[in-house]
K.L.:
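Before anything else, here's the structure in question.
Each chain gets a letter, A, B and so on, in the order its sequence line appears, and its residues count up from 1.
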Protein chains: 2
Amino acid sequence: MESSDLKKAGLKATLPRIKILNFLESSGRDRHMSAEDVYKAMLESGEEVGLATVYRVLTQFESAGLVTRHNFEGDHSVFELNDGEHHDHILCVKCGRVEEFVDEVIEQRQHAIAKENGFAMTDHALYIYGVCGDCQKK
Amino acid sequence: MESSDLKKAGLKATLPRIKILNFLESSGRDRHMSAEDVYKAMLESGEEVGLATVYRVLTQFESAGLVTRHNFEGDHSVFELNDGEHHDHILCVKCGRVEEFVDEVIEQRQHAIAKENGFAMTDHALYIYGVCGDCQKK
DNA sequence: GTTTGAATGAGAATCTTTCGCATTTAGACC
DNA sequence: GGTCTAAATGCGAAAGATTCTCATTCAAAC
């Protein structure tokens with residue numbers, strides 16, 4: 001399963017790449033991880049990988065469409081395994097929690113706006129920041 | 001005018017802060033500048049400021065609501081002088097050109113989505129990426 | 001003018017990310 | 001299975017952005 005995904009993506013099925021992909025697939029708890037997060041978590045679970053390789057592989061995965069890179073934290077990128085369906089994000093500025101949502105109205109308006117401005121839209125990023133229900137109670 | 005703006009924002013009217021604010025106000029050409037951009041441009045026009053101060057002051061301006069920080073370039077922040085009216089951005093991935101737009105439908109949907117998810121919305125960022133008209137011709 | 005806490009400047013330090021290069025490995029071919 | 005070659009890896013160095021430290025300077029209150 002793993003190596004065929006990689007081959008499909010045009011990537012040689014090397015051990016580090018398989019390990020990182022498996023790791024991303026198995027860590028459903030936090031789907032948004034930085035390169036450093038992935039690196040540390042893998043070391044902790046006994047997997048040997050170099051940090052530079054994690055960066056390289058995640059960037060390759062991004063180009064191959066296997067993961068999406070987000071910059072909603074400003075100072076570093078986080079990566080999310082693609083599940084096929086596009087979605088946007090709403091983030092809690094207090095606890096860092098991330099929720100996902102899809103809104104067809106917004107999707108359509110975005111396309112319309114790109115068109116109106118003469119742009120051929122390639123991508124888009126929508127982040128809503130706020131205080132989540134739990135943090136409002138605190 | 002300058003120093004009163006700063007005082008209103010709760011900032012002491014120091015020379016570097018006045019200079020940076022003036023500079024941002026006068027440089028209409030490119031409204032989206034990194035700290036380094038501001039620093040270099042000020043040096044070139046003969047203004048003496050330290051880079052660390054530019055970073056500090058821009059961050060203070062952000063907290064005070066005088067400027068908005070954007071991370072649409074991934075690896076560094078750019079700042080934009082606030083003109084009171086909120087707007088979103090559409091960027092050309094080829095030439096880096098940035099256009100601004102406002103869309104009431106999207107604004108409203110965002111509020112609704114935050115509510116649906118139990119969030120008290122504080123902010124939001126929408127970036128549409130694409131190829132602008134000029135770059136499509138090339 | 002004097003005072004004083006805040007702001008600045010310059011460079012060191014930190015953090016994230018990339019690069020360079022010697023070593024290893026996946027995959028093709030025998 | 002063994003051999004080959006280009007591609008991938010790992011490590012440390014390097015780069016770029018940003019923050020920190022701390023001695024010096026400055027704004028504004030008296």
K.L.:
Using the test side chain to side chain contact (heavy atoms under 4.5 Å, CB included), find all partners of A:E47 that sit at least two apart in sequence or belong to another chain.
P.N.:
A:K19, A:M42, A:S45

K.L.:
Can you check nucleotides 25-30 of chain D for protein contacts, nitrogen or oxygen pairs under 3.5 Å, and list what you find?
P.N.:
| residue | atom | partner | partner atom | Å |
| --- | --- | --- | --- | --- |
| D:dA28 | OP1 | B:A13 | N | 3.3 |

K.L.:
What is the separation between atom OH on A:Y39 and atom P on D:dT9, rounded to the nearest whole Å?
P.N.:
15 Å

K.L.:
Can you measure B:R17 atom CZ to C:dA7 atom C1' for me and round it to whole angstrom units?
P.N.:
6 Å

K.L.:
What bend angle does the helix from C:dG1-D:dC30 to C:dC30-D:dG1 show across its length, from five-pair end axes and to the nearest 10 degrees?
P.N.:
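For the helix from C:dG1-D:dC30 to C:dC30-D:dG1, the axes at opposite ends meet at about 30°.
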
K.L.:
Roughly how many Å is it from CG in B:L6 to C1' in C:dA6, rounded to a whole number?
P.N.:
15 Å

K.L.:
Of all residues at least two apart in sequence or in a different chain, which pass the salt bridge (Lys or Arg N to Asp or Glu O under 4.0 Å) check with A:D88?
P.N.:
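None.
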
K.L.:
What's the CD-P distance between A:E47 and D:dG10, to the nearest Å?
P.N.:
11 Å

K.L.:
Can you measure A:L43 atom CG to D:dC11 atom C1' for me and round it to whole angstrom units?
P.N.:
14 Å

K.L.:
Expressed in angstrom and rounded to an integer, what is the separation of A:K19 atom NZ from D:dA8 atom P?
P.N.:
17 Å

K.L.:
Give the rounded distance in Å between these two atoms: CD of B:E48 and C1' of C:dA7.
P.N.:
17 Å

K.L.:
Could you pull out every donor-acceptor pair under 3.5 Å between side chains of residues 131-138 of chain B and any protein atom, sequence neighbours left out?
P.N.:
| residue | atom | partner | partner atom | Å |
| --- | --- | --- | --- | --- |
| B:Q136 | NE2 | A:G118 | O | 2.9 |
| B:Q136 | NE2 | B:V131 | O | 2.8 |

K.L.:
Mind checking what makes ring pair (Phe, Tyr, Trp, His ring centres under 6.0 Å) contact with A:H111, not counting sequence neighbours?
P.N.:
none

K.L.:
List the protein contact pattern of nucleotides 14-24 of chain C with one symbol per nucleotide (5' to 3'): B for base contact, S for sugar-phosphate-only contact, - for none; contact means a heavy-atom distance under 4.0 Å.
P.N.:
--SBBBB----

K.L.:
Who are the side chain to side chain contact (heavy atoms under 4.5 Å, CB included) partners of B:E85, not counting sequence neighbours?
P.N.:
B:D83

K.L.:
Apply salt bridge (Lys or Arg N to Asp or Glu O under 4.0 Å) to A:E107 and list each qualifying residue two or more places apart in sequence or on a separate chain.
P.N.:
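Once residues adjacent in sequence are excluded, A:E107 has no partner under the salt bridge (Lys or Arg N to Asp or Glu O under 4.0 Å) criterion.
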
K.L.:
Taking all non-hydrogen atoms of both residues, which atom of A:L66 and which atom of A:A9 are closest, and how far apart?
P.N.:
CD1-CB, 4.2 Å

K.L.:
Enumerate the residue pairs fulfilling ring-ring contact (aromatic ring centres under 6.0 Å, His included) with a member in residues 112-138 of chain B, sequence neighbours excluded, ordered by first and then second residue.
P.N.:
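Counting only pairs at least two positions apart or across chains, the ring-ring contact (aromatic ring centres under 6.0 Å, His included) contacts touching residues 112-138 of chain B are B:H70-B:Y127, B:F72-B:Y127, B:H86-B:H124.
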
K.L.:
What side-chain donor-acceptor pairs closer than 3.5 Å can you find for residues 90-99 of chain A, not counting sequence neighbours?
P.N.:
| residue | atom | partner | partner atom | Å |
| --- | --- | --- | --- | --- |
| A:R97 | NE | A:E99 | OE2 | 2.8 |
| A:R97 | NH2 | A:E99 | OE2 | 3.2 |

K.L.:
Report whether B:V38 and B:V78 are members of the same hydrophobic cluster (ILVMFWY, side-chain heavy atoms less than 4.5 Å apart, transitive linking).
P.N.:
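Not linked; separate clusters.
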
K.L.:
Run the side chain to side chain contact (heavy atoms under 4.5 Å, CB included) test against A:K40 and tell me which residues pass, sequence neighbours left out.
P.N.:
A:E36

